[in-house]
2 protein chains.
Amino acid sequence: MLKITRKVEYALIALSQMQLKGNKSLTSVKEISQQNGIPYELLAKTMQLLARAEIVEAVKGPHGGYRLKKDPSIIKMTTFFEIIEGPMGFMDCSFDTDCDQIQSCAIRTPIQRINDSIRNMFNNISLQDITMLS
Amino acid sequence: MLKITRKVEYALIALSQMQLKGNKSLTSVKEISQQNGIPYELLAKTMQLLARAEIVEAVKGPHGGYRLKKDPSIIKMTTFFEIIEGPMGFMDCSFDTDCDQIQSCAIRTPIQRINDSIRNMFNNISLQDITMLS
DNA sequence: TTATATCCGACCTATTTAGTCCTAATTAAA
DNA sequence: TTTAATTAGGACTAAATAGGTCGGATATAA
């Protein structure tokens, strides 16, 4: 419980390596997957999510790859998680469907509090805070 | 991802209801499961975990049930999670096995940071903070 | 034209979580 | 002393999620 997924993990590894190389040079999926022992296909799909969300810019063809497009310090971790896991994949209340019943709304409270705490925390942490080296 | 489990959810529901009734009267699993539409057996096992950890005290036999044993305001949420999910079930680094390799230690950092943030937050939140009514 | 990239959906597998079943052990009360 | 209600706890099955693979399409530098 309360674990992040491999996709998030792999994306963070990729981004921190790209930051190392600066935001002009390109980094390919092959490069990152080989250097870190990450499954190529899974990393590839994850990078595609980042590209669609314009966190990263893709260059196709030989000597292609990805480079940073947005400044990681302006991206909230909540946004980042939602890009990778989808808006629903992340901490939604499992009692939503019962929520017409008054009872259920009462019992929702503790879980709400936990989710709010987590969401609030990651709203105040940027991608840069997590991927920076120092 | 980053979700709490049903067992944690059910335990929190149970505890908040028990707090409502005060820490002298007994509350049975049957009562809580019926009132909240929670599977009896699963809740029962969860309450047993709380009893073993002496969060709650069990009284067997007819008109038995559980009552609070420890003050929820002195129990950290990290402790609570570990009681229910076990010390390993909660945010352990998935790269632990590779950790002899220098590479892997470098890439661990972002995940470590996230886990540390979560753990740190829940070290500073008490069970009372989550289950209280107001 | 070819080799090397990203793109993308469909699919399979493994792991984790949720839920069920069955059988004690204990005890209040008829 | 029997019965019914309760907690205790292990073994098992089912469902959901996460992790990983495959096949083919598109773009582009050389």
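Any value given below was found using the heavy atoms of this structure, including those in side chains, with hydrogens, waters and symmetry copies removed. As the structure is a computational prediction, the values presented were derived from the model and not from experiment. A, B, ... follow the sequence lines: proteins, then strands. Residue 1 opens every chain.
In this structure, a donor-acceptor pair under 3.5 Å is present between the side chains of B/Thr5 and B/Glu85. B/Asn120 and B/Ser117 share no side-chain donor-acceptor pair at under 3.5 Å.
One atom, CD of B/Gln48, and another, C1' of C/dA25, lie 12 Å apart when rounded to the nearest Å. Distance, B/Glu31 CD to D/dA5 P: 15 Å, rounded to whole Å. Atom CG in B/Leu43 sits roughly 12 Å away from atom P in D/dA8 (whole-Å rounding). Between the P atom of D/dT21 and the CD1 atom of A/Ile38 lies a distance of 13 Å, rounded to the nearest Å. For the pair B/Met1 CE and C/dT16 P, the computed distance is 16 Å after rounding to whole Å. Rounded to whole Å, atom P of C/dC7 lies 9 Å from atom CE of A/Met47. The NZ-C1' distance, from B/Lys3 to D/dA15, rounds to 13 Å in whole Å. Between B/Ile4 atom CD1 and C/dT17 atom P the separation is 13 Å, expressed in whole Å.
Contact annotation: A/Arg52 does not reach the phosphate of C/dT6 (side-chain N/O to OP1 or OP2, under 4.0 Å). Distances shown here put a side-chain N or O of A/Tyr40 below 4.0 Å from the OP1 or OP2 atom of C/dT6.
Closest to the side chain of A/Leu42, out of D/dT6, D/dG20, C/dT6, is D/dG20. Taking only side-chain atoms of B/Glu41, from C-beta outward, the nucleotide of C/dA18, C/dC22, D/dT21 with the closest atom is C/dC22. The side chain of A/Ser28 lies closest to C/dT6 when the candidates are C/dT6, C/dT20, D/dT21.
A heavy atom lying under 4.0 Å from DNA chain D marks the following residues of residues 53-72 of chain B, by number: B/Ala58, B/Val59, B/Lys60, B/Gly61, B/Pro62, B/His63, B/Gly64, B/Gly65, B/Tyr66.
Counting heavy atoms of neighbouring residues, nucleotides and ligands inside a 6.0 Å radius, atom NZ of B/Lys30 does not exceed 12 of them.
Nucleic acid contact class of B/Lys45 (heavy atoms, under 4.0 Å, all strands): base.
At distances below 3.5 Å, not a single donor-acceptor pair connects side-chain atoms of A/Arg67 with backbone N or O atoms of A/Val59. With hydrogens and angles disregarded, a donor-acceptor distance shorter than 3.5 Å links the side chain of B/Ser25 to the backbone of B/Lys21.
Just one residue in the list B/Asn124, B/Asp129, B/Asn123 forms a side chain to side chain donor-acceptor pair (under 3.5 Å) with B/Ser126, and that residue is B/Asp129.
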Is there a side-chain contact (heavy atoms from CB on, under 4.5 Å) between B/Thr131 and A/Thr109? Walk through the geometry before answering. CA-CA 8 Å; B/Thr131 56; A/Thr109 319; over 6 Å; no
